[in-house]
2 protein chains.
Amino acid sequence: MSYESEKLAATLKAAREKKGLSQRALSAHAGVPQSHISKIESGAVNLTVSSLTAIANALDLELALVPRKAAPAVRTITRSVNDVPKATPEARKEIARLAKQLEHIQSLKIDSPVFENLQRQFREMRQFENLIRNTDTLRSIREALKAVENAGGVAALQEASKQMNSFRNALAHGIADEERTRLPRPAYRLDGDNDE
Amino acid sequence: MSYESEKLAATLKAAREKKGLSQRALSAHAGVPQSHISKIESGAVNLTVSSLTAIANALDLELALVPRKAAPAVRTITRSVNDVPKATPEARKEIARLAKQLEHIQSLKIDSPVFENLQRQFREMRQFENLIRNTDTLRSIREALKAVENAGGVAALQEASKQMNSFRNALAHGIADEERTRLPRPAYRLDGDNDE
DNA sequence: TCATATGATACATTAAAGTAGATCAAGCGC
DNA sequence: GCGCTTGATCTACTTTAATGTATCATATGA
């Protein structure tokens, strides 16, 4: 396999993982067999443009032929778009758990405005999932939600909602949660779009 | 054929023509049969990445997967690099004629420093061939060179060299040759890269 | 007029991409 | 332990990309 092909395979794999898709999920979106995606990502095939574009489009990527002279600039741009901090696996896992818990509560038909509010807060929070470095709060919220089923009722919902709101605001305002837990931070940032 | 594929084919063809390569010349560089290049450019095949990269590299293009979000910026950059004024067919033709004439003179083994100088000037001039709007001077130089063979000898070479030097300098300093010859110009241009 | 270079096509052959489907081991949640 | 999902791997089959070579009509130049 050529260098170009390997890079391509790595790019596709990285893009898929960044979107949190499994090979099978991507397969469904792109209309390409999972077995083939596996082979592609391992660089075992010399794929055709149709396969490439199908998969790339499913991953919100666009195939481009850029003049060599412009290639460095394109790489810079691509990097700047890609280098948003990535959600940690733990964060994603915890968020998935929370989502499941919320689905379950919905199935209980509680139908309180408090619950609707909580769901909205959850959706808004998810937009910043990449910023989550610490899942304690999420875990705490999930604990609170468990109480809903057992005894807590709406009171537990309100407690969860309060925590969710505070957590979301913290993320939205760019207050890294390490800030509160006193973890060391990187001394620099690759992208300059940080408004602190 | 999909839209993506057609665009790809068009891009490759445009890039090849811009470089002034025939399908056969490109074939030699890229290691891909001319017949296949023809099919590719007509969008008749779903080419593989290896073919694509081979041809693209021969055309100084780089295959890239850019995030949709970054695609507009990439297009802008690419355009800015591509939109250097293109050499007119007449200019290219006249330059080819000149090159041939120079080759012929070289075969005469004149071996004068004046001729070497002339060749260097020619090479330098070619770098600006995109700026040539008017081929009168080139034709004039070629006329002068014809005299070398018949009678003129080194004197004719010197005359040609003098003209070449002046022409090259004019191009290098961005003095459009229309400026001097006062030819009628089109009232509009499709591309906006005209610096008047 | 003759020669040359161009891009488009034709043909037979080979290699491999692509599909559909099943299976496997590893990892994780319950 | 059990069930589910993950990515990797296998099979069998179909489709087609790619090659090599050759031809063709058409410009364009000598």
Side-chain angles (χ1 to χ4, degrees), chain A residues 1-2 5 8-10 12-17 19-55 58 89-101 103-104 135 139 142 146 149, chain B residues 1-2 5 8-10 12-17 19-56 58 89-90 92-101 103-104 135 139 142 146 149:
Chain A
M1 271 299 107
S2 76
S5 289
L8 210 61
L12 291 176
K13 180 167 186 174
R16 175 179 65 80
E17 287 175 343
K19 286 188 98 69
L21 293 177
S22 69
Q23 289 182 347
R24 281 183 172 82
L26 175 56
S27 164
H29 275 94
V32 170
Q34 176 266 328
S35 59
H36 199 222
I37 292 179
S38 172
K39 278 194 283 187
I40 288 169
E41 287 188 355
S42 70
V45 291
N46 174 20
L47 36 40
T48 60
V49 168
S50 65
S51 297
L52 178 56
T53 53
I55 295 176
E90 306 90 74
R92 272 228 299 275
K93 207 168 288 183
E94 195 53 40
I95 285 178
R97 276 197 264 249
L98 243 178
K100 203 173 174 184
Q101 181 73 15
E103 272 183 40
H104 179 240
T135 54
R139 228 183 297 275
R142 190 155 57 90
K146 278 184 182 171
E149 194 169 3
Chain B
M1 271 300 108
S2 76
S5 289
L8 211 61
L12 290 176
K13 179 167 186 173
R16 175 179 66 78
E17 286 174 344
K19 287 188 96 73
L21 293 176
S22 67
Q23 289 182 347
R24 282 185 171 82
L26 175 57
S27 163
H29 275 93
V32 169
Q34 177 265 329
S35 59
H36 198 222
I37 292 179
S38 172
K39 278 194 282 185
I40 289 169
E41 288 188 355
S42 70
V45 289
N46 174 19
L47 37 40
T48 60
V49 168
S50 64
S51 297
L52 178 56
T53 53
I55 295 176
E90 306 90 75
R92 272 228 299 276
K93 206 168 289 183
E94 195 52 41
I95 285 178
R97 276 196 264 251
L98 243 177
K100 203 171 174 185
Q101 181 72 15
E103 272 183 40
H104 179 241
T135 54
R139 228 181 299 274
R142 191 154 56 89
K146 277 183 182 171
E149 194 168 3

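Atoms considered below: every heavy atom in the structure, side chains included; atoms not considered: hydrogens, waters and symmetry mates.
For T48(B), no side-chain nitrogen or oxygen approaches OP1 or OP2 of dA17(D) to under 4.0 Å. In this structure, Q34(A) does not reach the dA8(D) phosphate: none of its side-chain N or O atoms is under 4.0 Å from OP1 or OP2. Put simply, R97(A) has a side-chain N or O that comes within less than 4.0 Å of OP1 or OP2 on dG29(C).
Closest to the side chain of R24(B), from the set dA17(C), dT19(C), dT23(D), is dT23(D). For S51(B), the side-chain atoms get nearest to dA18(D) when compared with the rest of dA18(D), dA8(D), dG18(C). In this structure, the nucleotide among dA17(C), dA18(D), dA8(C) sitting nearest to the side chain of N46(A) is dA17(C). Residue Q23(A) places its side chain closer to dG7(D) than to any other of dA17(D), dG7(C), dG7(D).
Counting to the nearest Å, the C1' atom of dT16(D) and the CD1 atom of I40(B) are 13 Å from each other. For the pair K100(B) NZ and dT28(D) C1', the interatomic distance rounds to 11 Å; values are reported in whole Å. Distance H36(A) NE2 to dT16(D) P: 14 Å, rounded to the nearest Å. We find that CG of L47(B) is positioned 11 Å from P of dG18(C), with the value rounded to whole Å. The distance between atom NZ of K39(A) and atom P of dG18(C), rounded to the nearest whole Å, is 9 Å. Put simply, CG on L21(A) is 10 Å from P on dT6(D), counting in whole angstrom units. Summarising the geometry, the separation between CD on E17(B) and C1' on dT6(C) is reported as 12 Å, rounded to the nearest angstrom. For the pair L52(B) CG and dA17(C) C1', the computed distance is 16 Å after rounding to whole Å.
Heavy atoms of S35(B) sit under 4.0 angstrom from at least one base atom. Residue-level contact check: I37(B) touches neither bases nor backbone, having no heavy atom under 4.0 Å from any strand. Within the 4.0 angstrom heavy-atom criterion, only backbone atoms of the sugar-phosphate kind lie near S22(A); the bases stay farther away.
Closest heavy-atom contact between A58(B) and H29(B): CB-CB, 4.0 Å. Across S51(A) and L47(A), no two heavy atoms sit closer than the pair CB-CB, 4.3 Å.
The main-chain N or O of V32(B) is found under 3.5 Å from a side-chain atom of S27(B) such that the two form a donor-acceptor pair. A donor-acceptor pair under 3.5 Å is absent between the side-chain atoms of R142(B) and the main chain of L98(B), judged by distance alone.
Looking at heavy atoms from C-beta onward, L26(B) lies out of side-chain contact with L12(B) at the 4.5 angstrom threshold.
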